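On a predicted model such as this, the values are computed, not experimentally measured, just so you know.
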Amino acid sequence: MAEKNMIIALVLSIIWSGLGLIYAGDIQKGIILAVLAIIAELIFLFVSAIFGIVVFIIWIYSLYATYQEVKAVNGQ
C-alpha cells in the first residue's frame, strides 16, 4: 500500500470523524466512526445536549485512530 500523508489524513478527520481512516485505507472502521458520529450528532441536536460530549469523544478517538493507522501504513 502506498504511503499516506499524515497531515491530509488528520485534516480529513478534523473535518469529519472517520474520513481520515477511510483515506488511510481502513474503510470499515472509518465508515463505522462516521455513522456513529452522525448518530451522536443527531441525538445531540434533537434530544440531549449531553451528547455533545459523546460527539467530542468520537472525534478525538477518530483523530487518534487515524494517526495510528497512518503510522502503521507508512511503517513507522
Side-chain angles (χ1 to χ4, degrees):
M1 183 177 277
E3 278 199 18
K4 300 296 180 173
N5 187 311
M6 181 71 74
I7 294 172
I8 292 173
L10 291 174
V11 167
L12 287 170
S13 280
I14 288 170
I15 292 170
W16 194 262
S17 297
L19 288 181
L21 283 168
I22 293 170
Y23 167 77
D26 196 349
I27 296 171
Q28 183 177 8
K29 188 186 283 186
I31 290 172
I32 290 169
L33 273 174
V35 169
L36 284 175
I38 290 169
I39 292 169
E41 185 71 30
L42 289 173
I43 292 171
F44 167 69
L45 291 173
F46 296 113
V47 179
S48 175
I50 194 72
F51 267 83
I53 296 168
V54 175
V55 172
F56 180 73
I57 291 169
I58 291 171
W59 182 66
I60 293 298
Y61 175 74
S62 176
L63 288 170
Y64 173 75
T66 298
Y67 175 77
Q68 293 297 325
E69 184 67 26
V70 172
K71 274 182 50 177
V73 166
N74 291 342
Q76 296 176 349

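One hydrophobic cluster, built from ILVMFWY side chains closer than 4.5 Å, holds both Leu10 and Val70. By the rule that hydrophobic residues join a cluster once side-chain heavy atoms approach within less than 4.5 Å of another member, Tyr67 and Ile8 end up as members of separate clusters. With hydrophobic clusters built from ILVMFWY side chains whose heavy atoms lie under 4.5 angstrom apart, Leu33 shares a cluster with Ile22. Using a 4.5 Å cut-off between side-chain heavy atoms of Ile, Leu, Val, Met, Phe, Trp and Tyr, with links allowed through other members, Tyr64 and Met6 fall into different hydrophobic clusters. In the hydrophobic cluster analysis, where Ile, Leu, Val, Met, Phe, Trp and Tyr join through side-chain heavy atoms closer than 4.5 angstrom, Val55 is grouped together with Val47.
Note that CD1 of Ile14 and CH2 of Trp59 are 6.0 Å apart. Values are rounded to the nearest 0.5 Å. Ser62 OG to Glu69 CD: the interatomic distance, rounded to the nearest 0.5 Å, is 11.5 Å. Here Ile31 contributes atom CD1 and Leu19 contributes atom CG; the two are 10.5 Å apart, rounded to the nearest 0.5 Å. Ile58 CD1 to Ile39 CD1: the interatomic distance, rounded to the nearest 0.5 Å, is 8.5 Å. Summarising the geometry, atom CD1 belonging to Ile27 is positioned 12.0 Å from atom CD1 belonging to Ile32; distances are rounded to the nearest 0.5 Å. Leu12 CG to Ile7 CD1: the interatomic distance, rounded to the nearest 0.5 Å, is 12.0 Å.
The side-chain heavy atoms of Ile53 and Phe44, taken from C-beta on, include no pair separated by under 4.5 Å. Contact check for Lys4 versus Asn74: side-chain heavy atoms found under the 4.5 Å cut-off.
Among all heavy-atom pairs drawn from Val73 and Ala24, the shortest one is CG2-O, 3.5 Å. Heavy atoms only, all atoms of each residue included: Gly30 and Leu21 are closest at CA-CB, 3.8 Å.
Applying the side chain to side chain donor-acceptor pair (under 3.5 Å) definition to pairs two or more places apart or across chains, none involves residues 16-41.
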